[in-house]
Amino acid sequence: MAKLKIFRCSISGGQIKAKKGAANTFEAMINPESYSHSYSVQYSGTSGKGDRAVGKSAPVAKFGNVAPEKVSFSIVIDGTGVVEAQKNKTVAQRVDLLRDIAYTYDGDTHETNPVKIVWGKGLKDFYGRLTDLSVDYTLFHPDGKALRAKIKLSFIEAKTDAMEAREAGRNSPDMTHVVAVREGDTLPLLCHRIYQDTSKYLEVARFNNLDSISGLEAGTLLRFPPMR
């Protein structure tokens with residue numbers, strides 16, 4: 001069975017790319033028994049703290065953003081010799097390698113390194129940044145040397161601005177849109193298309209210096225700015 005691997009990555013040209021070589025690769029001796037992969041979506045207007053609009057009986061949830069994915073799992077490092085793989089490294093050396101790849105601050109980039117996690121089909125090419133790492137040493141040699149350690153790891157999805165922009169496309173309310181008015185269009189209708197919120201029409205009218213919101217002339221170009 002393929003072993004879980006964690007690769008040190010670099011960022012170049014707006015892309016996250018895995019580095020090659022033993023110093024940039026951590027391979028689990030024993031695969032995790034399980035892992036957690038969580039997804040969440042965030043909305044505004046749901047906190048109950050001043051979100052309720054006048055004249056509405058309840059807050060209206062409005063899409064905010066898709067939160068970064070999160071992955072967490074635990075692995076065991078064994079130095080007793082029971083596990084054949086990587087016998088040439090001690091538990092401490094394996095822990096140091098993992099720390100160096102995922103945790104250690106990089107003075108050149110002024111941040112920790114992004115990593116690529118690969119394990120089977122479920123965790124295929126997950127790019128993330130370490131958020132938590134804890135090591136529990138559970139077995140020792142009489143001289144005090146650690147012989148076994150359980151490591152708990154948590155990662156948050158890593159993404160560059162360029163990657164996010166490509167995924168979001170050009171349909172996001174976070175981007176300014178230029179729209180040509182068509183016959184029958186109204187400002188509230190256009191606001192619904194762009195923002196899914198007809199109440200933005202007065203702000204759009206002010207942004208475009210419109211004297212009137214009625215009788216939009218076909219062919220007129222209107223700008224719809226980013227709004228929340």
Side-chain angles (χ1 to χ4, degrees), residues 9-18 35-72 109 111 114-118 121-129 131 154-228:
C9 293
S10 61
I11 298 175
S12 176
Q15 290 293 311
I16 302 176
K17 300 178 181 179
Y35 71 92
S36 171
H37 193 166
S38 61
Y39 311 78
S40 63
V41 180
Q42 297 175 348
Y43 297 89
S44 62
T46 59
S47 69
K49 299 178 180 179
D51 295 323
R52 185 172 298 181
V54 176
K56 292 185 178 180
S57 61
V60 177
K62 296 188 181 299
F63 175 78
N65 62 278
V66 176
E69 298 174 23
K70 296 179 181 179
V71 165
S72 60
T109 60
E111 60 183 359
V115 299
K116 176 182 177 181
I117 304 172
V118 179
K121 295 182 178 179
L123 281 179
K124 184 179 180 181
D125 298 350
F126 177 86
Y127 292 93
R129 288 187 187 273
T131 57
S154 295
F155 298 87
I156 191 168
E157 181 183 15
K159 192 178 294 185
T160 66
D161 290 336
M163 292 166 66
E164 191 280 331
R166 281 193 293 273
E167 291 179 13
R170 294 286 175 179
N171 299 316
S172 170
D174 292 331
M175 304 180 70
T176 298
H177 296 254
V178 178
V179 176
V181 175
R182 295 178 296 187
E183 194 70 38
D185 280 344
T186 65
L187 207 50
L189 177 61
L190 291 171
C191 286
H192 177 72
R193 289 178 189 165
I194 302 297
Y195 306 115
Q196 288 74 53
D197 187 346
T198 59
S199 69
K200 304 289 188 185
Y201 72 93
L202 289 177
E203 295 174 72
V204 173
R206 284 193 292 268
F207 188 80
N208 287 274
N209 298 314
L210 297 179
D211 296 326
S212 172
I213 64 168
S214 60
L216 294 178
E217 192 171 328
T220 300
L221 294 179
L222 297 177
R223 290 179 299 152
F224 291 78
M227 290 191 194
R228 285 294 181 195

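Numbering of residues begins at 1 and proceeds along the displayed sequence.
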CD (Gln15) and OG1 (Thr160) are apart, to the nearest 0.5 Å, by 6.0 Å
Kindly give the heavy-atom pair with the smallest separation between Ile11 and Glu111, and that separation in Å. CD1-OE2, 4.4 Å
In the structure I gave you, are the side-chain heavy atoms of Leu222 and Leu210 within less than 4.5 Å of one another anywhere? yes
Which atom of Tyr195 lies closest to which atom of Pro225, heavy atoms considered: OH-O, 2.5 Å
Between Ser10 and Ser12, is there a side-chain donor-acceptor contact under 3.5 Å, judged purely by atom types and distance? no
Between the main-chain N or O of Pro68 and the side-chain N or O of Glu157, is there a donor-acceptor pair closer than 3.5 Å? no
Assess the residue pair Asp125 and Val118 against the criterion (side-chain contact (heavy atoms from CB on, under 4.5 Å)); give the C-alpha distance rounded to whole Å, side-chain angles, the decisive distance to 0.1 Å, and a yes or no. CA-CA 5 Å; Asp125 298 350; Val118 179; 3.7 Å; yes
May I ask you to decide if the ring planes of His37 and Tyr39 are parallel, tilted or perpendicular, using 30° and 60° as cut-offs? parallel
If you count heavy atoms of other groups shown closer than 6.0 angstrom to CZ of Phe126, is the number above 12? yes
Over all atoms of both residues, closest heavy-atom pair of Ile16 and Lys159: CD1-N, 4.1 Å
About how many Å separate OG of Ser40 and NZ of Lys70, when rounded to the nearest 0.5 Å? 6.5 Å
To the nearest 0.5 angstrom, please state how far the OG1 atom of Thr198 sits from the CG atom of Leu190. 12.0 Å
Hey, could you give me the CZ/CD1 distance between Arg223 and Ile194, rounded to the nearest 0.5 Å? 14.0 Å
Distance-only, no hydrogens or angles: does the Ser72 side chain make a donor-acceptor pair with backbone N or O of Ser154 under 3.5 Å? no
Is there a side-chain contact between Val179 and Leu221 (heavy atoms, below 4.5 Å)? no
Rounded to the nearest 0.5 Å, what separation is found between the OG1 atom of Thr131 and the CD1 atom of Ile156? 6.5 Å
Heavy atoms of Phe224 and Leu187 approach each other most closely as CZ-CD1, 4.3 Å
Any chance CZ of Arg182 has more than 12 other-residue heavy atoms, nucleotides or ligands included, within less than 6.0 Å? no
If I take atom CG from residue Leu216 and atom CD from residue Glu183, how far apart are they, to the nearest 0.5 angstrom? 10.5 Å
Looking only at non-hydrogen atoms, find the nearest pair between Val204 and Cys191 and report the distance. CG2-SG, 3.8 Å
